[in-house]
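Just so you know, ligand 1 is whichever comes first in the structure, and atom 1 is the first atom listed for that ligand.
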Amino acid sequence: MEHSQEMMMASALASQSASPIASPPASRVQTRPLNGAVGMEIVGVDLRDDLSQADFETIRDAWRAHCVILLRGQTLDEAAQVRFAQRFGELGKVLHAHEGRSSLPGVMYISNIRENGKLIGALPDGEMYFHSDQCYIENPSVGTMLYAMEVPSKGGDTIFANMFAAYDALPDDLKTKIEGRVALNVYDYQNAATVRGSTPREGVPSFAHPMVKAHPFTGRKALYFNRLMTHHVVGMDAQESKALLARLFDHQEQERFLYRHVWTPGDLVMWDNRSALHARSDFDSSQRRLMRRTVVVREHQD
Ligand code: OGA
Ligand code: MN
């Protein structure tokens with residue numbers, strides 16, 4: 001017994017020192033919870049530098065496990081943001097209508113700024129209800145990244161909600177009601193981009209997803225529906241569905257599951273659309289807000 005314990009200690013020590021078959025360098029990246037409800041801050045990283053694989057995996061694993069990551073004080077041009085996003089996987093294409101000022105494919109802006117009378121980005125103004133990006137298509141983007149460039153003096157915060165924790169805390173009667181159910185998500189970008197109001201009709205994208213989904217990497221269950229886009233529970237009486245969704249939306253938006261991010265230019269935030277919802281608080285539309293956005297549609301295989 002003692003002998004084999006010694007051997008294990010010896011080999012553990014050997015793997016720490018430089019040896020011809022050295023193990024990969026340990027990650028130097030530090031993480032700390034944002035407020036304990038959702039999200040991790042990543043500390044000590046300048047994304048202009050090349051990230052080692054170990055450092056990247058620390059960041060990626062924090063994102064998968066804690067739904068949201070924040071890196072403050074970054075100085076990123078489009079190419080550097082794209083390079084970082086591409087470490088996670090394949091980037092989403094940007095619709096022509098949203099190209100705005102971006103010069104690289106995969107980059108778009110969220111902004112209320114107009115140049116020559118034309119908006120340079122999407123989702124310009126005001127409050128946005130809680131949602132998960134692209135839940136109205138079959139394969140939604142898994143991660144969305146926003147880099148803050150100009151922010152209003154007050155408001156325009158982005159609020160995140162932890163859907164792992166919201167699932168865990170769901171009362172048993174509600175868990176039973178949504179077990180095995182799918183809900184139809186609809187997004188009418190022309191008429192209801194920021195507040196509830198999309199109804200299924202020709203030309204408006206919609207897709208029915210399970211209301212509870214297991215995260216592909218951690219297996220943890222998360223609630224997958226939201227006030228902005230979830231229209232009804234499939235196969236349920238309309239009144240019953242409406243009443244049930246009202247209870248579910250109130251449940252998942254409780255303060256105890258939320259982190260509110262008050263932006264400073266240079267902040268980079270990335271959220272996991274499989275496990276987090278996000279919303280935006282209102283702000284004065286006469287103040288400029290400019291965020292650079294990249295999305296990951298498919299993660300690289302490990
Ligand atoms: C988004 C989004 C919120 C914000 O880019 O998908 O919802 O705070 N943005 O601008
Ligand atoms: Mn969004």
Between the side chains of [X] and [Y], does any donor sit under 3.5 Å from an acceptor?
X      : Y      : value
His231 : Asn185 : no
Asp133 : Ser141 : no
Tyr259 : His261 : yes
Glu127 : Thr194 : no
Ser103 : Glu78  : yes
Ser132 : Asn226 : no
Tyr109 : Arg292 : yes

Considering only the protein, which heavy-atom contact is closest to [atom], and what is its distance?
atom                   : value
atom 8 (O) of ligand 1 : Thr158 OG1, 2.6 Å
atom 5 (O) of ligand 1 : Arg293 NE, 2.8 Å
atom 9 (N) of ligand 1 : Leu146 CD1, 4.0 Å

Please confirm whether Arg289 comes within less than 3.5 Å of ligand 1 when only nitrogen or oxygen atoms on both sides are compared.
yes
Per-atom contacts, ligand 1 versus [X] - under 4.0 Å to a heavy atom:
X      : value
Ile110 : 5 (O), 10 (O)
Asp133 : 6 (O)
His131 : 7 (O)

Closest heavy-atom approach to atom 2 (C) of ligand 1 among His278, Arg280, Met291 is made by His278
Of all N/O/S atoms in Asp133, which lies nearest to the Mn ion (ligand 2)?
OD1
